[in-house]
Amino acid sequence: MPKPHIPLEDIRAQVEACRKCPLADGRTQTVFGVGNPSARVLIVGEAPGKNEDLQGEPFVGKAGQYLNELLAIAGLAREHVFIANVLKCRPPGNRDPRPEEIELCTPYLREQTRTIDPEFIVTLGNFSTKFILKTEIGITRLHGTLQRAGKFKVFPIFHPAAAIYDGSKREALENDFATLGELLRASDVEKAAAPAAQVDSPATPAQPAEEAPAASQPAVEQSHLL
């Protein structure tokens, strides 16, 4: 029997009280996440930066402004999605998350994902992609390809900050968000067609629709988010 979902506000309270790793000692506040609690798309970044630590909200600096533009390319807005990070506290000097920090912090992301129950998880950058897909394959190879982690559709994309430091990433980011919009629209069409197919052929089991084309995909283990 599956365990009941924990309300997001209860998970938030657990995050705010967390002292499991030394990052708690240097934080201004935790950065739980923000957005639609029933979002169809869950955006997962890496960790809070300086501005996020000060404001308690993910993606509020230059990368956040660019993320808003990218979401618009996909036909989305911040209020349509839920945005979270692998880590809920800022690493000193914006260094990379450490394996032990990821291990201690990601149970909160797992519970967020179970409660929100998105159709798509968009992983921004290496750390969220490798955690969600349980893979060592990097974002350079995986970006723009539709993956699976259990029941979730996972779509890895470069972190928006990558385009701020490397302008050559901008085209890839914008193309990938355009593809995300196409995947969402294709899913809408598939869902709308399913009831009609059942009415037209009630005695014939519905065949699963083909997914949108994607690049060659590595084998992905069963999701560890459930």
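Here, residue 1 is the first one in the sequence, and each next residue gets the next number. Computed over heavy atoms, backbone and side chain alike; hydrogens, waters and symmetry mates excluded.
- Here the NE2-OG1 distance, from H5 to T113, works out to 10.5 Å after rounding to the nearest 0.5 Å.
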* **Intermediate values then yes/no, side-chain contact (heavy atoms from CB on, under 4.5 Å), T30 and R12** => CA-CA 9 Å; T30 57; R12 181 191 296 273; over 6 Å; no

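- The shortest side-chain heavy-atom distance between F59 and L124 falls under the 4.5 Å cut-off.
- Here the shortest heavy-atom pairing between R27 and R19 reads NH2-NH1, 4.0 Å.
- A 4.5 Å side-chain heavy-atom check between K20 and C105 finds every atom pair outside the cut-off.
- P58 has its side chain within reach of V34: a pair of non-hydrogen atoms, C-beta onward, lies under 4.5 Å apart.
- Contact detail for K153 and S187: the closest heavy-atom pair is NZ-OG, 3.7 Å.
- Note on R98 versus E103: no salt bridge recorded, every NZ/NE/NH1/NH2 to OD/OE distance being 4.0 Å or above.
- Under a 3.5 Å cut-off, the side chain of R40 and the backbone N or O of L184 do form a donor-acceptor pair.
- No donor-acceptor pair closer than 3.5 Å links the side chain of T129 to the backbone N or O of P156.
- Here the CG atom belonging to L104 is positioned 7.5 Å from the SG atom belonging to C18, to the nearest 0.5 angstrom.
- Within a 6.0 Å sphere centred on NZ of K50, heavy atoms belonging to other residues, nucleotides or ligands number 12 at most.
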* To do: Kindly indicate, with the supporting measurements, whether the criterion side-chain contact (heavy atoms from CB on, under 4.5 Å) is fulfilled by T123 and L133.
  => CA-CA 9 Å; T123 56; L133 292 178; 5.6 Å; no

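- Here the shortest heavy-atom pairing between G75 and H80 reads O-ND1, 4.3 Å.
- T135 contributes a side-chain N or O that, together with a main-chain N or O of I137, makes up a donor-acceptor pair within less than 3.5 Å.
- Distance check, rounded to the nearest 0.5 Å: CD of E111 to OG1 of T106 gives 11.0 Å.
- Ionic pairing of E182 and R185 is not present here: no N-O contact between side-chain nitrogen and carboxylate oxygen is shorter than 4.0 angstrom.
- Taking 4.5 Å as the limit, some side-chain heavy atom of P118 sits within range of a side-chain heavy atom of I121.
- For the pair T140/F158, a side-chain contact is recorded, criterion being any heavy-atom separation below 4.5 Å from C-beta on.
- Taken to the nearest 0.5 Å, the CD atom of E52 stands 12.5 Å off from the CG atom of L87.
- For the residue pair H159 and A63, the shortest heavy atom distance occurs at CE1-CB, 4.4 Å.
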* Decide yes or no on salt bridge (charged side-chain N to carboxylate O under 4.0 Å, His left out) for R78 and E57, but give the supporting numbers first. => CA-CA 12 Å; R78 284 179 79 103; E57 184 173 325; 3.3 Å; yes

* From CA spacing to verdict: side-chain contact (heavy atoms from CB on, under 4.5 Å), L76, V41 -> CA-CA 9 Å; L76 298 167; V41 177; 4.3 Å; yes

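- Counting heavy atoms from C-beta on, the side chains of P48 and N85 come closer than 4.5 Å.
- In summary, K169 and D176 do not engage in a salt bridge, as defined by a charged side-chain N under 4.0 Å from a carboxylate O.
- A cation-pi arrangement is present between R170 and Y66 under the rule of less than 6.0 angstrom and at most 45 degrees off the ring axis.
- For S128 and E46, the side-chain atoms include no donor-acceptor pair closer than 3.5 Å.
- Under a hydrophobic-cluster definition in which Ile, Leu, Val, Met, Phe, Trp and Tyr are linked whenever side-chain heavy atoms come within less than 4.5 Å, directly or via other members, I73 and L71 are assigned to the same cluster.
- Note that the CD1 atom of I157 and the CZ atom of F155 stand 5.0 Å from one another [nearest 0.5 Å].
- We find the CZ-OG1 distance between R90 and T28 to be 8.0 Å, quoted to the nearest 0.5 Å.
- The closest side-chain donor-acceptor pair between Q147 and T145 falls under 3.5 angstrom.
- Contact check for V154 versus F120: no side-chain heavy atoms found under the 4.5 Å cut-off.
- Using a 4.5 Å heavy-atom cutoff, the side chains of I83 and L67 are in contact.
- For N175, the side chain to side chain contact (heavy atoms under 4.5 Å, CB included) partners at least two apart in sequence or on another chain are E171.
- For the side chain to side chain donor-acceptor pair (under 3.5 Å) criterion with K88, the lone passing option out of Q14, Q29, E101, Q112 is Q112.
- The shortest heavy-atom contact between L42 and I116 is CD1-CD1, 4.2 Å.
- Residues F131 and V15 share a hydrophobic cluster, clusters being chains of Ile/Leu/Val/Met/Phe/Trp/Tyr side chains in contact below 4.5 Å.
- No chain of hydrophobic side-chain contacts below 4.5 Å, direct or via other Ile, Leu, Val, Met, Phe, Trp or Tyr residues, connects V31 to I11.
- A donor-acceptor pair is defined here as one N or O able to donate and one able to accept, closer than 3.5 Å; such a pair exists between the side chain of N126 and the backbone of I139.
- No single ILVMFWY cluster, assembled from side-chain heavy atoms under 4.5 Å apart, contains both V81 and V60.
- Tracing side-chain contacts under 4.5 Å through hydrophobic residues (I, L, V, M, F, W, Y), one reaches L173 starting from L146; they form part of the same cluster.
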* What's the verdict on side-chain contact (heavy atoms from CB on, under 4.5 Å) for F82 and N36, showing C-alpha distance, side-chain angles and the deciding distance? -> CA-CA 5 Å; F82 196 95; N36 184 342; 5.6 Å; no

